[in-house]
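Note sheet for the following structure.
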Amino acid sequence: MSAEIEKSPRVLLAPVITIDGPSGSGKGTIAHRVATRLGFHVLDSGALYRLLGAAAERHAVAVTNEAALEVLAAHLDVQFLFDASGEAQILLEGEDVTHSIRTEEAGRAASQVAALPRVRDALMARQQAFRETPGLVADGRDMGTVVFPDAELKIFLTASAEARAERRYKQLLERGFSASLAALIDDIQARDARDTQRTVAPLKPADDAIVLDSTDLGIDAVVAHVFEAAQKIPSIAKYM
Ligand code: DC
């Protein structure tokens, strides 16, 4: 038997870096920076839950109707169109929803549909299909614990609720949305509670994750920590 055939499927899979953490911890920005440097693909798993929330609203399906949401999730017509800089334009049923799925309201709906086990199962294969050569950076809540438990590198990013709300506040103002900081803190705390206390795939670090607290760290410092860890993993380091 040749050495190639003897290789386990695990070895033949593209390497994955998972970046999990709560809302506003900077996961998306960090994932984007790491993926760009390595030339890896990106999975923004939160966007899938946001898209499902938007599809539910569009088709007048209640965010509590698990059976209907499961069907909607299985047939979700979405496209991620990446430009040369790696920025994604996101289409739902052919319509550009890149910005509309980023509102706090869309985040709330996402968090509600994400608490339903059958919805999570229905989105599992779609998420795993993002694992393609040369590699993937996947950001979300359960990337390292459930979707890619065999990932080569797992990062869990935390930050205080106040720091995350402030980042979100600035981001929303920059994008032309109005916002109240106090309401954002309340919202982040409520969403954290829902995401960490749900019975299915709760937000928590994988046992083998590196936990980074970004409350007092800038983006560059967090990215530097991720690359320091990546340097020790040959299947990823070769792309650095
Ligand atoms: O990362 P985000 O804010 O775009 O995520 C929106 C919601 O989706 C969040 O409240 C929790 C949920 N989510 C999840 O349950 N699992 C993931 N892997 C990603 C997001």
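For clarity, every value in this text was computed on a predicted model and none was experimentally measured. In listed order, ligands and their atoms are each counted from 1.
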Among all protein heavy atoms, pick out the one at the shortest distance from [atom]; state its residue, atom name and that distance to 0.1 Å.
atom	value
atom 3 (O) of ligand 1	Arg50 NH2, 2.9 Å
atom 12 (C) of ligand 1	Ala114 CB, 3.7 Å
atom 1 (O) of ligand 1	Arg141 NH1, 2.9 Å
atom 10 (O) of ligand 1	Arg191 CD, 3.0 Å
atom 16 (N) of ligand 1	Arg120 NH2, 2.9 Å
atom 7 (C) of ligand 1	Ala110 CB, 3.7 Å
atom 19 (C) of ligand 1	Ser45 OG, 3.4 Å
atom 20 (C) of ligand 1	Gly46 CA, 3.5 Å

Review point. What atoms of ligand 1 come closer than 4.0 angstrom to any heavy atom of Lys27?
Key: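 The list of qualifying atoms is 1 (O).
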
Exercise for review: Give the atoms of ligand 1, by number and element, whose distance to some non-hydrogen atom of Gly140 is under 4.0 Å.
Suggested key: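 Numbered from 1, ligand 1 contributes 18 (N), 19 (C).
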
Check your understanding: Using a heavy-atom cut-off of under 4.0 Å, does the side chain or the backbone of Asp139 touch ligand 1, or both, or neither?
Key ->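 No part of Asp139 comes within reach of ligand 1.
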
Check your understanding: Counting heavy atoms only, which part of Arg198 comes closer than 4.0 Å to ligand 1: side chain, backbone, both or neither?
Key ->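 The answer is the side chain of Arg198.
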
Review point. Any side-chain heavy atom of Arg191 within less than 4.5 Å of one from Glu104?
Key: yes

Point to revise | Leu38 side chain reached by Ile236 side chain, heavy atoms, under 4.5 Å | key: yes

Review point. Looking only at distance, does Asp195 have an N or O less than 3.5 Å from an N or O of ligand 1?
Key: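 Yes, Asp195 has an N/O under 3.5 Å of an N/O on ligand 1.
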
**Study point:** Full working for salt bridge (Lys or Arg N to Asp or Glu O under 4.0 Å) between Lys154 and Asp208
**Key:** CA-CA 7 Å; Lys154 300 179 184 178; Asp208 50 350; 3.2 Å; yes

Kindly work out whether a path of hydrophobic side-chain contacts (I/L/V/M/F/W/Y, heavy atoms less than 4.5 Å apart) joins [X] to [Y].
X	Y	answer
Val78	Val63	yes
Leu157	Ile17	yes
Val42	Ile30	no

**Study point:** Greater than 12 external heavy atoms within 6.0 Å of Ile219's CD1
**Key:** no

Point to revise | More than 12 heavy atoms of other groups within 6.0 Å of Gln89 CD | key: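 Check passes, neighbour count above 12.
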
Check your understanding: For the side chain to side chain contact (heavy atoms under 4.5 Å, CB included) test, which of Leu81, Leu48, Leu51 pairs with Ile90?
Key ->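 When side chain to side chain contact (heavy atoms under 4.5 Å, CB included) is applied between Ile90 and each of Leu81, Leu48, Leu51, only Leu51 qualifies.
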
**Study point:** Met143 heavy atom under 4.0 Å from ligand 1
**Key:**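 Met143 counts as a contact of ligand 1 under the 4.0 Å cut-off.
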
